Amino acid sequence: MKTVELSKAYNPKDFEDAVYESWKKNELFKPEDTDNGKPPFVIVIPPPNVTGVLHMGHGLNNSLQDILIRFYRMMGNPTLWLPGTDHAGIATQNVVDRQLKAKGIDRHEIGRERFLEETWKVKENHHTIIKSQLEKIGASCDWSRERFTLDEGLSKAVREVFVSLYEKGLIYKGNYLVNWCSSCGTALADDEVEHREVPAKLYKVHYPYADGSGFIEIATTRPETMLGDTAVAVNPEDDRYKGLVGKKVILPIADREIPIIADSYVSMEFGTGMVKITPAHDPNDYEIAERHNLPKINILNPDGTLNNDVPEKYRNMDVVSARKRIVEELESLGLFIGSEKHTHQVGHCYRCNTVIEPYLSDQWFVRMKSMADKALKALEDDDIRFYPKRWENTYIHWLKNIRDWCISRQLWWGHRIPVWYCRDCGETIVSREEVTQCSKCGSSNLHQEEDVLDTWFSSWLWPFSTLGWPEETEDLKEFFPTTTLVTGYDIIFFWVARMIMASLEFMDQVPFRDIYITGLVRDKQGQKMSKSLGNGIDPLDVVDKYGADAMKFTLCFLSNQGQDVLIDMNTFNLGSKFANKIWNAARYILMNLEGRELLSKEELKLNDFDNWIYHQLNEAAGKVEESIKLYKFNIAGQAVYEYFWNDFCDWYLELTKGSLQGEDVDEKNRAITVLLDILQKSLRLLHPFVPFISEEIYQKMPNTEGFLITADYPAWNESCQNKVLAENMAAFQDVIKAVRTLRSEFTIQPEKKVPVGIRMNTSFNAKDFFLKHQAQIKKFMRAEPLSVGFEIKDISGSVPAPGLGYEAFVYIRDMIDIPSEIQKLKKEYDKLAKQLAGVEKKLANEKFLKNAPEEVIEKENGKKREFSERIEKVKKYLADLKK
RNA sequence: GGGCGGUUAACUCAGCGGGAGAGUGCUACCUUCACACGGUAGAAGUCAGCAGUUCAAAUCUGCUACUGCCCACCA
């Protein structure tokens with residue numbers, strides 16, 4: 001074989017892009033046709049908003065998805081990760097609006113069609129960016145199946161769902177109070193409103209009786225809405241006001257007469273116990289108005305200014321200014337009593353942060369109750385599982401309190417509602433196809449509903465619409481339902497619950513079995529990463545500085561199930577160092593190939609250390625499989641880290657150095673054959689966590705073919721287990737460590753060789769192992785000479801290191817500081833004495849002996865023997881040293 | 001007002017009924033021919049507090065204290 005040269009330093013930029021290209025070119029992200037009977041493993045990506053760029057949350061999310069996908073791909077399941085993007089109605093429209101505004105253009109000037117052209121351009125741009133970002137971080141998704149929530153197929157699915165729900169009576173149109181964002185100029189769904197506590201004032205105002213007999217006192221936080229008042233309400237149980245119900249008061253400024261009514265909603269304790277009722281601008285007041293048949297006066301324009309139903313001087317004034325002016329006017333009228341500080345929750349638009357106004361308008365709604373019930377049952381029946389489980393509560397709570405979903409948006413960017421109105425006869429036509437003729441009067445004088453649908457109305461179909469529904473496609477048959485959804489807890493309502501409802505409604509199945517809810521990525525102070533705080537980390541910066549593998553591995557390693565991940569740029573050093581270690585271990589092996597020959601399986605004889613490392617590899621693979629199946633990414637990451645670094649690099653590679661650098665050609669060939677095999681299997685083990693570097697090295701190895709990405713995972717195999725060997729090896733490591741500790745403690749230079757004697761008990765389990773591998777022990781301890789046996793003639797001049805079943809004597813007494821060694825031994829003695837006392841106390845306890853399981857008692861007995869043995873030795877050493 | 005998390009080594013976090021762990025940082029020694037993004041060794045913790053269950057509690061239960069998040073119409 002020829003030596004393969006790797007660059008001295010690990011430099012991910014040298015190969016990451018090229019490796020990704022080669023995977024793509026060879027179509028390795030597509031599901032493989034296998035006939036091994038394994039079920040498909042399918043993930044549909046949570047589609048990123050096509051307006052944005054990827055942030056660290058996506059970095060985490062997609063890294064974990066990629067790990068799952070790569071793991072199952074290597075396990076032999078037909079594996080599909082379906083990518084795509086979301087048109088993000090409001091967010092995208094706002095971006096384009098802002099761009100136009102910067103050019104001094106209002107979208108209404110250029111009209112709907114031209115505006116949409118502009119928006120598609122923005123979409124194309126951002127889509128390119130997002131796709132390349134996903135590629136950069138190594139996402140192995142099947143780009144040939146990529147979808148967009150506004151593409152032709154998904155639009156068809158959206159129409160089908162809308163019409164079908166309409167036909168089932170689950171969609172209706174009506175004039176209701178909705179959440180209105182005056183800045184975005186559209187209605188929002190309830191969960192698109194973010195409630196935040198804001199400081200405000202509670203104003204107290206007099207309304208005069210119509211008969212001039214005095215005043216009542218009401219309390220309000222929103223005096224400007226009084227212009228839309230149609231009543232004043234008190235609690236029917238309130239003795240103070242019982243006599244007033246039915247009387248009339250004059251609404252100041254508006255100069256209208258309104259009644260005093262009784263409704264149990266009103267709290268007697270809060271404010272004055274008298275509430276002004278503004279049905280068109282407060283959800284509670286709306287309810288009261290419905291109960292009492294009160295008129296509803298809308299006083300706002302869609303842009304949030306006061307409309308023509310208020311006195312002239314207030315028209316076109318914004319709400320905040322109007323509030324100020326109303327208070328001033330009330331003051332001048334002598335009707336203003338005062339105000340006090342009052343903090344309360346105010347709804348804000350989740351897209352633009354504008355204060356949300358309850359606003360009366362014609363909107364389309366979906367009746368959710370029946371679908372929610374099915375979704376609740378799916379959880380009850382264990383058809384879906386949340387990881388971690390606690391998110392079930394959030395899901396259940398929301399579904400149990402579900403309200404109808406306002407799906408119409410007064411936007412241009414989105415799926416236009418498939419409803420046509422006849423201008424001649426007023427007929428409403430809801431149709432899957434484009435309508436040109438009125439179905440009732442035959443007129444062609446029709447116009448389509450101007451509104452578009454909520455973005456989530458397309459997203460909630462994602463798991464099946466992306467697979468071709470409503471067509472009965474092969475993909476749909478093969479890959480639906482999907483397996484796992486990986487997403488953040490912030491969209492459990494928006495998206496997760498709704499997908500489950502839509503799937504149950506239209507596919508009669510849940511859309512996925514497992515829901516893995518990731519934590520949030522935060523900075524080291526625990527703050528959410530955000531643009532405004534400027535504390536965000538761009539995944540591309542991480543890739544640029546450390547490489548995609550370093551990012552993926554670090555996030556995996558830190559990702560304790562569902563807990564938030566606190567990071568800064570420095571954190572990624574963890575993964576970077578690991579990748580560097582992998583690189584250099586491979587480099588070392590590959591630089592030793594010159595002139596060597598691979599042995600065939602038949603000629604190859606494995607030694608104890610080879611068998612040990614195979615055992616460790618197998619154990620690690622077992623841990624990975626077990627933990628990935630439970631979505632415990634950190635444990636899986638830890639298992640491969642420990643295997644590769646601690647077992648493979650620190651021990652195995654060191655143990656083989658003698659063979660590799662010795663004179664024996666046969667042994668050299670043997671060693672390199674095993675090393676290459678172990679390396680190759682280690683790369684398989686590592687691949688899901690560090691795909692680029694593992695593939696790059698794999699490609700350069702002489703004993704590999706094809707691509708690592710589709711190679712077999714080294715699945716756990718019982719026959720690879722070798723527990724006795726593992727125990728022997730642990731003792732081997734212990735004795736070496738003990739001597740090293742002594743050397744280090746007295747700063748004996750590494751190159752200095754010291755005589756060592758190991759005296760074993762005849763009952764010592766690893767005695768044969770020690771005798772057999774004396775040469776390695778000697779080398780690792782830097783001992784000269786070393787004697788291993790059951791007797792040692794002379795221990796004078798030595799410092800002892802106690803082990804279990806043996807004692808090691810290091811002849812360095814002339815080199816050490818005896819008092820400090822005595823100190824150390826005393827400390828150890830105290831510790832052992834304490835431990836022994838604890839164990840003895842336990843073993844003397846009858847209740848313990850009666851109640852504890854057999855193996856625990858046996859373990860305690862073992863501990864007692866161990867501590868006793870050690871303490872005896874330490875005692876002896878102390879006595880000896882003091883001489 | 002309800003609900004859910006978190007509190008373990010200087011920092012970031014594992015462990016969640018039977019001997020306190022990792023990574024980073026720190027200390028000492030080592031530039032030995034894979035790697036100084038390294039090696040070998042070391043120091044470092046009344047596992048937030050109190051009470052309970054148990055033979056046994058960082059781990060289970062209850063309460064308290066901070067701390068974070070979600071939900072909820074009190075004008």
Side-chain angles (χ1 to χ4, degrees), chain A residues 6 8-10 191 195 202-203 218-222 225 233 265-267 269-278 282-287 342 344-345 358 388 390-391 393-394 397-398 401 489-490 492-493 519-520 522 524 526-528 546 550 554 557-558 560 562-568 570-571 573-574 576-592 632 634-635 638 641-642 649-650 653-654 657 661 736-737 740-751 782 835 838-839 842 845-853 855-857 859-860 862-863 866-867:
Chain A
L6 297 188
K8 181 162 183 194
Y10 157 66
D191 44 34
H195 292 274
L202 186 62
Y203 302 88
I218 59 105
T220 178
T221 53
R222 302 204 50 189
T225 62
Y265 158 76
V266 180
S267 154
E269 285 77 39
F270 191 87
T272 60
M274 281 194 155
V275 192
K276 58 193 271 308
I277 300 300
T278 321
D282 183 284
N284 299 308
D285 294 5
Y286 181 91
E287 298 288 317
H342 177 71
H344 63 158
Q345 297 278 333
R390 66 184 134 90
W391 291 109
N393 296 331
T394 307
H397 184 260
W398 188 72
N401 295 286
Y489 51 74
D490 45 340
I492 290 178
F493 314 133
L520 246 43
R522 299 172 179 279
K524 284 262 164 149
Q527 291 174 298
K528 203 169 164 174
Y546 297 105
T554 305
F557 196 85
L558 295 176
N560 187 32
Q563 290 298 105
D564 291 347
V565 182
L566 273 65
I567 51 162
D568 60 19
N570 237 3
T571 311
N573 235 310
L574 166 63
S576 175
K577 281 167 81 167
F578 186 48
N580 184 63
K581 192 73 180 176
I582 297 169
W583 185 259
N584 277 290
R587 174 169 173 259
Y588 164 69
I589 294 169
L590 296 181
M591 70 171 47
N592 278 294
K632 296 186 172 178
N634 57 332
I635 295 177
Q638 210 175 312
Y641 184 95
E642 280 170 3
C649 291
D650 289 351
L653 276 187
E654 295 303 325
K657 276 185 177 168
Q661 284 154 15
I736 289 165
K737 280 184 191 170
R740 281 174 173 175
T741 303
L742 270 177
R743 298 181 57 119
S744 171
E745 197 179 348
F746 298 106
T747 32
I748 295 168
Q749 296 298 307
E751 65 272 20
R782 304 205 133 255
Q835 285 174 320
V839 172
K842 249 188 198 177
N845 185 341
E846 272 177 46
K847 283 182 182 170
F848 172 72
L849 295 173
K850 210 176 88 194
N851 292 312
E855 63 266 28
V856 173
I857 295 172
K859 212 173 159 190
E860 290 298 316
K863 275 197 262 178
E866 181 187 335
F867 294 147

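Owing to the predicted nature of the structure, the values given are computational and were not obtained by experimental measurement. Labels below follow one simple rule: chain letters A, B, ... track the order of the sequence lines, proteins then strands, and each chain is numbered from 1.
A:Thr394 places none of its side-chain heavy atoms less than 4.5 Å from the side chain of A:Tyr489. The shortest side-chain heavy-atom distance between A:Tyr265 and A:Glu287 does not fall under the 4.5 Å cut-off. Counting only heavy atoms from C-beta outward, the side chains of A:Tyr546 and A:Asn573 approach each other to under 4.5 Å. Using a 4.5 Å heavy-atom threshold, the side chains of A:Thr278 and A:Lys276 count as touching. Looking at heavy atoms from C-beta onward, A:Leu558 lies in side-chain contact with A:Ile567 at the 4.5 angstrom threshold.
Here A:Val839 lies out of heavy-atom contact (under 4.0 Å) with every strand. Counting non-hydrogen atoms under 4.0 angstrom, A:Phe578 reaches nothing in the nucleic acid. The residue A:Glu855 sits apart from the nucleic acid: no heavy atom pair falls under 4.0 Å. Contact annotation for A:Lys737: backbone-only contact, meaning every heavy-atom pair under 4.0 Å involves sugar-phosphate atoms and none involves a base. A:Asp490 comes within 4.0 angstrom of nothing in the nucleic acid, heavy atoms only. Using a 4.0 Å heavy-atom criterion, one finds that A:Gly519 contacts no nucleic acid atom at all.
Among B:G23, B:C30, B:A75, the nucleotide with an atom closest to any side-chain atom of A:Tyr641 is B:G23. Comparing atom distances between the A:Gln749 side chain and each of B:C74, B:C29, B:C4 picks out B:C29 as nearest. The side chain of A:Asn634 sits closest to B:A14 out of B:A14, B:G19, B:C69. Comparing B:C74, B:C55, B:A34 against the side chain of A:Pro853 picks out B:C55 as the nearest. Of all nucleotides listed (B:U12, B:C55, B:G15), B:U12 comes nearest to the side chain of A:Leu566.
Note on A:Thr741: a side-chain N or O is less than 4.0 Å away from OP1 or OP2 of B:G42. An OP1 or OP2 oxygen of B:C73 is reached within less than 4.0 angstrom by no side-chain nitrogen or oxygen of A:Asn284. In this structure, A:Lys8 reaches the B:C35 phosphate: one of its side-chain N or O atoms is under 4.0 Å from OP1 or OP2. For B:U24, one of the phosphate oxygens OP1 or OP2 lies less than 4.0 angstrom from a side-chain nitrogen or oxygen of A:Lys577. The phosphate of B:C37 (OP1 or OP2) has no side-chain N or O of A:Lys581 nearer than 4.0 angstrom. Under 4.0 angstrom from either OP1 or OP2 of B:A75 there lies at least one side-chain N or O belonging to A:His342. Contact annotation: A:Gln661 reaches the phosphate of B:A34 (side-chain N/O to OP1 or OP2, under 4.0 Å).
The distance between atom CE of A:Met591 and atom C1' of B:A34, rounded to the nearest whole Å, is 6 Å. We find that CZ of A:Phe270 is positioned 10 Å from P of B:C74, with the value rounded to whole Å. Rounded to whole Å, atom C1' of B:C37 lies 14 Å from atom CH2 of A:Trp583. Put simply, CD on A:Glu287 is 15 Å from C1' on B:A72, counting in whole angstrom units. The CZ atom of A:Arg740 sits 9 Å away from the C1' atom of B:G39 (whole-angstrom rounding). With rounding to whole Å, A:Lys863 atom NZ is found 8 Å from B:A20 atom P. With rounding to whole Å, A:Asn851 atom CG is found 10 Å from B:U54 atom P. As rounded to whole Å, 14 Å separates atom C1' of B:A72 from atom CG of A:Asp191.
Taking the C1' atoms as reference points, B:A10 lies 9 Å from B:A44, given to the whole Å. With P as the reference atom, B:G18 and B:A58 are 10 Å apart, rounded to whole Å. B:U64 and B:A28 are spaced 45 Å apart, taking the C1' atom of each and rounding to whole Å. The gap from the C1' atom of B:A72 to that of B:C13 amounts to 34 Å, rounded to the nearest Å. Nucleotides B:U53 and B:A14 are separated by 27 Å at their C1' atoms, to the nearest Å. Only the C1' atoms considered, B:A48 is 39 Å distant from B:A36, to the nearest whole Å. Comparing B:G23 with B:C29, their P atoms sit 22 Å apart, to the nearest whole Å. With P as the reference atom, B:U12 and B:A56 are 35 Å apart, rounded to whole Å.
Considering only residues two or more places apart in sequence or on other chains, A:Lys657 meets the side-chain contact (heavy atoms from CB on, under 4.5 Å) condition with A:Tyr588, A:Glu654, A:Gln661, A:Lys779. By the side-chain contact (heavy atoms from CB on, under 4.5 Å) test, A:Asp568 is found to be paired with A:Lys524, A:Asn570, A:Thr571, residues two or more places apart in sequence or in another chain being considered.
Judged purely by distance below 3.5 Å, without hydrogens or angles, the side chains of A:Tyr10 and A:Asn584 never pair a donor atom with an acceptor atom.
Within 3.5 Å, a donor on the side chain of A:Lys657 pairs with an acceptor on the base of B:A34, or the reverse. Taking only distance into account, the side chain of A:Gln563 never meets the base of B:A14 through a donor-acceptor pair shorter than 3.5 Å.
Remark: B:U67 base-pairs with B:G5; criterion is Watson-Crick or G-U wobble with both hydrogen-bond distances under 3.5 Å. With a 3.5 Å ceiling on both atom-pair distances, B:A43 lacks any Watson-Crick or G-U wobble partner. B:U31 is unpaired under the Watson-Crick or G-U wobble criterion, no partner having all donor-acceptor distances under 3.5 Å.
Mapping A:Thr747 and A:Ile567 onto RNA chain B by nearest heavy atom places A:Ile567 closer to the 5' end of the strand. Mapped onto RNA chain B by nearest heavy atom, A:Asp650 and A:Leu653 fall at different nucleotides, with A:Leu653 at the one closer to the 5' end.
When ring centroids are compared, A:His342 and A:Phe270 come within the 6.0 Å threshold.
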